[in-house]
Structure formats: structure tokens, C-alpha cells
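Only a predicted model underlies this, so the values are computations on that prediction, with no experimental measurement involved. Throughout, a chain's letter reflects where its sequence line sits, starting with A, and its residues are numbered from 1.
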Amino acid sequence: MTSSNVRVRMAPSPTGSPHVGLVRTALFNWAFARHHGGTFVFRIEDTDKERSTDESLASIIDLMRWLGLDWDEGPEVGGPHAPYFQSERSDLYADALARLKENSRTYDCYCTNEEAAARRKAAGSKVQGYDGFCRELSEEQVAAFVAEGRKPVVRFRMPDGSITWNDLVRGEVSFETEFVPDFALCRANGDSLYTLVNPVDDALMEITHVLRGEDLLSSTPRQIALYEALIEVGIAKVTPEFGHLPYVMGQGNKKLSKRDPEAHALAYREQGYLPEGLLNYLALLGWAIAADRDIFSLEEMVEAFEIGDVVANPARFDLKKCDAINAAHMRLLSLDDITHRVLPFLKKQGVVSDPVSDADAQLLELAMPLISERINKLAEAGDLLAFLFVDEDAFEVDAEDAEKQIGEAGIPVLQASYDALEGLPAWSTEAIQTALQTALVDGLGLKPRNAFGPVRVAVTGRRISPPLFESLELLGRERSLGRLRRALG
RNA sequence: GCCCCCAUCGUCUAGCGGCCCAGGACACCGCCCUUUCACGGCGGGUACGCCGGUUCGAAUCCGGUUGGGGGUGCCA
């Protein structure tokens, strides 16, 4: 599977519910790796012990499995660069830090943010952030700080000049290092920070291409500078290439945040989106497979995916289009497949027995053709099918629909229907249709719409249902007539 | 404030100098199909932010401007 030395990674922090932005980033990394026959590494960035949770970790793994984005190295599968949890790699970070220190690429800093900010202000500097005050401290100064009880953070010494790289999605990007202050690699308490750990892991894991969100764009010059130092001290071999993916925006003009309901990736599974539908939609946020084509499979995406084709401008998340793409994938499914996928939802909703009985399974197989093109998400099947599976004594007619569709005027219609169906020799869709047509349309002179509405509500309980005659056939004569009788009072 | 990124229909995008008085999809609006709801079919409106420049020719290249977004932590 891994026929090239392309190595990419996704490196989520297990803090909270996984975000669709994470899925999009994972997808592009995965597609890039698969397209190039490379390796997709999955690493967990759980350095923030306060916020990382096992629950979040489990949900991310679960999500990736559901999506079908498989990884070559990482949790559950291991790999040559294990462990893949940052919380288990502190020795590696300590070693990296020690080597950088030895090469004077870092220095101890005793300042508080307030002190640095005050100095910046006093100097009239337009630049924000740390001012490099502790870069060249004398022994006396250090002793004085220590005597005050201060504990230092370790900062990286940014080089002078400018840092430029050729971003895989944006082209040449350049920063003057005077605007990128010396940054902390390690807390005063000794904990390594993301700024150190992320590049060190990428280096150790020999990541060749870093594809990540645009929010990390401005931290790239720091990482490139760090990388150069890591190469010096023998930890990194090369600086990876970077590609910054555009934001996924929510309502208004802000990036999709955890507060937006559509941001939560797990919710899509619960609502019955297909993984291929969600992924297809997410792929469209910043990438197009062709000028006149929106629907494609993961395999087709892998085949066509080029990182250079990804656009740089942010994309607004449009749930309606996401639904439409999902619906298109639903229609691509075979009847067997969609039935198979709908079943867990029906069980969960209590529509069918769990484990499913033979009778329910048989009925479901007959009913699915009636609704397979009427649902856009798997979870919607239950609403349409419940009337077929419900026990007669639990069957309920929607009060509002009954009032609208039956009322006073509907009684004769139901009576006529009952009479027409009661003695029907054969209980088939065709016979039912003919009988009702004759009795209601021809007999009572009703428009089809008015004729069948009351029957639909009486028998299925709702104004919206699968096709009526087929529904009646599946329900059976006894239950159908029983429901008509009930509606007649 | 400073730094950086971005800029084509309402939305996602195609377009990488002439094929574009700009194509597709979603959404929207009509119509057809129709026993409800869908599916499907047909049709419609709507976009290159602005100003300069380069060029025989610009949505496409360059500069500026405006607008939007992000960053600016001992978070990731």
C-alpha cells in the first residue's frame, strides 16, 4: 500500500466532540496519502492534560472508522514510530529540548507577559509578543531572577531575516521574522508545549507534507525556523512541505465553531448521513473533481486528488447542499445495501424488533422499495415505515392530519372505501387501486387527491406516507379494514 | 494597532489571456409527471468588489484600493 515516501498525518487533540473541520482535514490528508501511495499517520496530540479526555479520543477513533478513513500508523494499529500518543513521548521532547539548548537555539526566559508588553509599549513598538529581553542575560541577572523565585520558560531564538515557503495551496508565503517573536517551547513547570512537540513529532515520524487548517498559517514561520534547528541537532532530516487548507465557515462570516450544531461530526452519523455522502460534501469545500460534476466516490476522489487543486478561499458550510449530496449517494445504493443500513436506525427507533424477527425482516424487504427514494438520510425511514410495523393497539393517527384530511367530509369516503375493500377477492396493489378508484373517483366523483387523502391518514396515520395502494397491500386486509373502521368511529 | 491570508451567481465552485456578454451543483421561482411526500424531466433569474496598468485582447497577469477572515499565549 505504501509505495512512495509521502508521509502525512492527522494530529487531533482529543478535547471535546470532533468537528467537521477535523474530518475535512483528515479527508484531504488521507486522500493525498492514498493518491500518492504514501502513508497516513494518525497521532494523538494529548499534551494538554487538562482538556484531553478518553471519551473524546474514543469518539474520534470511532468517527474515523465509520468514515472509512483508515490509517497506516497510529492508535490500535501501532507502527515504527510508536507511541503515537504525545502523552507517552515526553522523553523524546526532553531530549530534543536538551539538544536545542546545547546548540544555543533556545534560552531561558524569566519575564511575564505583562513585563514584555509593557516594554513593547514603552518602546513604542508596533510588534506584539515577546521582545527578546532575556536573550542575553548576564549571570547576575539570572541570579537575581532566580532569587526572586522566578522559574523560566524555554524560548526559541528566532533568526533574523525573513522566512518564505511555497505553500502547497497558496503559493509563496513570506514573513519577516521581526514580526514573529521568540516563542515558548516549554512551560516553567517543564511541560513541553505544542510549539515544540508538534514539529518534533513530525520530524521524528518523518512527515513529508503537513496539510492543516489555515489557522496554523501564521505559526508556520516559527515551525520552519524550529525545523532548521532540529536539522542542525540531528532530529529532523528535512523540513516538510506545508499546505494550508481554507477554513470551513459557519453562518455569518466566522469559522464554524463548536457552537454551531452542524459542526459536530458525530451528529451526522446519528442522523443517518452516509459516510460517503458526508465525505463527498466535505471534499467539495475547497476542491472540485471536475467542472460539471459533484457526486463521486472516495475511490474516485483518491484517483483525482491533487493538493494543488485545492482553492485558498474559505468555504461556507451549507447544510442543504450537504443533504442533497447525501441524498444523491442514498440513491446510488442498492436496495439491499440501503435496507441493511436502515435497519440499525429502525431498531434504535423501536420500529422493528431487536434482534429483528423474520416477519419484520420480510416486511422490511417488501417496504424498502417504497421509500428508498423518499428519504435523504437513513434515520428518516422510521417515520415513513412505522405504521407498517406498529401493533394495532398502539397505532395512532396524527390528530392534526386527521382533522385536515378526514373531518366530517371524509367519513363517507372512508365508508365507501371500507365497503369497496371488504369484499375484494384479491388483496393486491392493483385490485386495491381499481376498487378504490371505482368507488371514490368514479362512484363519489372525487378528485384523486380528495379521494385518497382520508384513506391515507386513516390507514397510515399521516398525510405523508409511502404510496397508498402498496401500503395497503403490505398492511394486509385485516389491519387495513380495522384501521378504516377505527377512523369511522 | 501590527502581521498574514482571501476575493466569480444567495452558497460551493469551473475558469489557469482569446473557446466566457462566464459553465456545473445546491438553494430559489415556474411548468410537466403525480394518490400524499419524494424521485425524475423541462425552463428561468442571479456573479467576475472597485480603480489603474500590461496586452491586439483580461474573470484570468501586475499594482493599488475596498471588503472579509485569521494570527498576535507558559492553548492546540
>> Taking only the C1' atom of each, what is the distance from B:rC5 to B:rG44 in whole angstrom?
In response: 37 Å
>> Quick check on contacts: within residues 369-376 of chain A, what sits under 4.0 Å from RNA chain B by heavy-atom distance?
In response: A:E373, A:R374
> When you measure from every atom of RNA chain B, which of residues 273-283 of chain A have a heavy atom less than 4.0 Å away?
Replying inline: none
>> Could you check whether A:R9 pairs with A:D202 (Lys NZ or Arg NE/NH1/NH2 to Asp/Glu carboxylate O, under 4.0 Å)?
In response: yes
> How is A:L468 classified with respect to the nucleic acid when contacts are heavy atoms under 4.0 Å: base, sugar-phosphate, or nothing?
Replying inline: base
> Checking A:R150 against A:Y110: charged group under 6.0 Å from the ring centre and within 45 degrees of the axis?
Replying inline: no
>> Once you measure the plane-to-plane angle for A:W287 and A:F296, does it fall in the parallel (<30°), tilted (30-60°) or perpendicular (>60°) bin?
In response: perpendicular
>> Once you apply a heavy-atom cut-off of 4.0 Å, does A:R150 come out as touching a base, just sugar-phosphate, or nothing?
In response: nothing
>> Does the structure show a Watson-Crick or G-U wobble partner for B:rC20, both distances under 3.5 Å? Name it, or say none.
In response: none
>> Below 4.0 angstrom, which residues in residues 8-22 of chain A have at least one non-hydrogen atom near RNA chain B?
In response: A:S13
>> Checking one value: the base orientation of B:rC31, syn if chi is within 90 degrees of 0, otherwise anti.
In response: anti
> Which one, B:rC6, B:rA14, B:rU35, comes nearest to the side chain of A:V311?
Replying inline: B:rA14
> In whole Å, what separates the C1' atom of B:rA25 from that of B:rG64?
Replying inline: 35 Å
>> Both distances below 3.5 Å, Watson-Crick or wobble geometry, any strand: find the nucleotide opposite B:rA58.
In response: none
> If you look at every strand shown and take non-hydrogen atoms under 4.0 Å, does A:F175 touch a base, only sugar-phosphate, or nothing?
Replying inline: sugar-phosphate
> In whole angstroms, how far is the C1' atom of B:rU36 from the CG atom of A:D383?
Replying inline: 15 Å
> A:I224 has an atom CD1; how far is it from atom C1' of B:rC4, in whole Å?
Replying inline: 13 Å
> What integer number of Å spans the C1' atoms of B:rC12 and B:rC50?
Replying inline: 24 Å
> Applying salt bridge (Lys or Arg N to Asp or Glu O under 4.0 Å), which residue pairs with at least one partner in residues 276-296 of chain A are found, sequence neighbours left out?
Replying inline: A:E276-A:R341, A:R293-A:E300, A:D294-A:K321
>> Rounding to an integer number of angstrom, what distance separates B:rG70 and B:rC74 when you compare their C1' atoms?
In response: 23 Å
> Is there a Watson-Crick or G-U wobble partner for B:rG43 with both distances under 3.5 Å, and which nucleotide is it?
Replying inline: B:rC29
> Hey, does A:S174 reach any base, or is it just sugar-phosphate, or nothing, if we go heavy atoms under 4.0 Å?
Replying inline: sugar-phosphate
>> Mind checking if A:V127 touches a base, just sugar-phosphate, or nothing, with heavy atoms under 4.0 Å?
In response: nothing
> Aromatic rings A:F145 and A:F133: how do their planes relate, parallel, tilted or perpendicular, breaks at 30° and 60°?
Replying inline: perpendicular
> Rounding to the closest angstrom, what is the interatomic distance between B:rA58 and B:rG15 at atom C1'?
Replying inline: 12 Å
> What pairs of residues pass the salt bridge (Lys or Arg N to Asp or Glu O under 4.0 Å) test when at least one of them lies in residues 174-191 of chain A, not counting sequence neighbours?
Replying inline: A:K49-A:D191, A:R135-A:D182, A:R187-A:D191
Under 3.5 Å, which N/O atoms of the protein pair with N/O atoms of nucleotides 58-69 of chain B?
| from | atom 1 | to | atom 2 | distance (Å) |
| --- | --- | --- | --- | --- |
| B:rG68 | O2' | A:N253 | ND2 | 3.2 |

> For A:D160, does the CG atom sit with more than 12 other heavy atoms under 6.0 Å from it, leaving out its own atoms?
Replying inline: no
> With sequence neighbours excluded, what pairs up with A:D48 under the salt bridge (charged side-chain N to carboxylate O under 4.0 Å, His left out) test?
Replying inline: A:R51
> Partner of B:rC9 by Watson-Crick or G-U wobble geometry, both contacts under 3.5 Å, or none?
Replying inline: none
>> Please enumerate all residues that pass salt bridge (charged side-chain N to carboxylate O under 4.0 Å, His left out) together with A:D131, with sequence neighbours excluded.
In response: A:R119
> Base, sugar-phosphate, or nothing: which does A:P181 touch, judged by heavy atoms less than 4.0 Å apart?
Replying inline: nothing
>> Please report the distance, rounded to the nearest Å, between CG in A:L446 and P in B:rU35.
In response: 14 Å
> Which of residues 452-464 of chain A have a heavy atom under 4.0 Å from RNA chain B?
Replying inline: A:F452, A:R456, A:R463, A:I464
> Does any nucleotide pair with B:rG1 by Watson-Crick or G-U wobble geometry, both distances under 3.5 Å, and what is it?
Replying inline: B:rU72
> Looking only at atom P, what distance separates B:rC16 and B:rC62, rounded to whole Å?
Replying inline: 15 Å
>> Can you measure A:R222 atom CZ to B:rU72 atom P for me and round it to whole angstrom units?
In response: 7 Å
> Quick one: is the NZ or CZ of A:R24 closer than 6.0 Å to the six-membered ring centre of A:F28, and within 45° of its axis?
Replying inline: yes
> What is the distance, rounded to the nearest whole Å, between atom CG of A:D401 and atom P of B:rC37?
Replying inline: 12 Å
>> Using whole Å, what does the distance between atom P of nucleotide B:rC75 and atom NZ of A:K258 come to?
In response: 18 Å
> Atom CZ of A:R51 to atom C1' of B:rG73: distance rounded to whole Å?
Replying inline: 12 Å
> Rounded to whole angstrom units, what separation is found between the NZ atom of A:K404 and the C1' atom of B:rC37?
Replying inline: 14 Å
>> For a quick test of reading the model: is some side-chain N or O of A:R187 closer than 4.0 Å to OP1 or OP2 of B:rG73?
In response: no
> Under the salt bridge (charged side-chain N to carboxylate O under 4.0 Å, His left out) test, which residues partner A:D323, sequence neighbours left out?
Replying inline: A:K377
>> Among B:rG40, B:rA76, B:rC12, which nucleotide has an atom closest to any side-chain atom of A:D48?
In response: B:rA76
> Is the shortest side-chain N/O distance from A:T47 to OP1 or OP2 of B:rA76 below 4.0 Å?
Replying inline: yes
> Is the count of non-hydrogen atoms from other residues, nucleotides or ligands lying under 6.0 Å from A:E400 atom CD greater than 12?
Replying inline: no
> OP1 or OP2 of B:rC12 less than 4.0 angstrom from a side-chain nitrogen or oxygen of A:N313, does that happen here?
Replying inline: no
> Which part of the nucleic acid does A:A188 contact within heavy-atom distance under 4.0 Å: base, sugar-phosphate only, or nothing?
Replying inline: base
> Using the C1' atom in both, what is the distance from B:rG45 to B:rU34, to the nearest Å?
Replying inline: 27 Å
>> So if I take every side-chain heavy atom of A:A288 and compare against B:rU13, B:rC5, B:rU35, which nucleotide ends up nearest?
In response: B:rU13
List every contact pair, protein side and nucleotides 23-29 of chain B side both N or O, where the distance is under 3.5 Å.
| from | atom 1 | to | atom 2 | distance (Å) |
| --- | --- | --- | --- | --- |
| B:rG23 | N2 | A:A291 | O | 3.0 |
| B:rA25 | O4' | A:D294 | OD2 | 3.3 |
| B:rA25 | O2' | A:D294 | OD2 | 2.6 |
| B:rA25 | O2' | A:K321 | NZ | 3.4 |
| B:rA25 | N3 | A:K321 | NZ | 2.9 |
| B:rC26 | O2' | A:K321 | N | 3.4 |

> Any side-chain N or O of A:R120 less than 4.0 Å from the OP1 or OP2 oxygen of B:rC2?
Replying inline: no
> How far does the P atom of B:rC21 sit from the matching atom of B:rC48, given to the nearest Å?
Replying inline: 14 Å
>> At 4.0 Å (heavy atoms only), tell me whether A:E45 reaches a base, stays on the sugar-phosphate, or touches nothing.
In response: sugar-phosphate
Enumerate donor-acceptor pairs with a distance under 3.5 Å from any side-chain N or O in residues 435-446 of chain A to protein atoms, sequence neighbours excluded.
| from | atom 1 | to | atom 2 | distance (Å) |
| --- | --- | --- | --- | --- |
| A:T438 | OG1 | A:T434 | O | 2.7 |

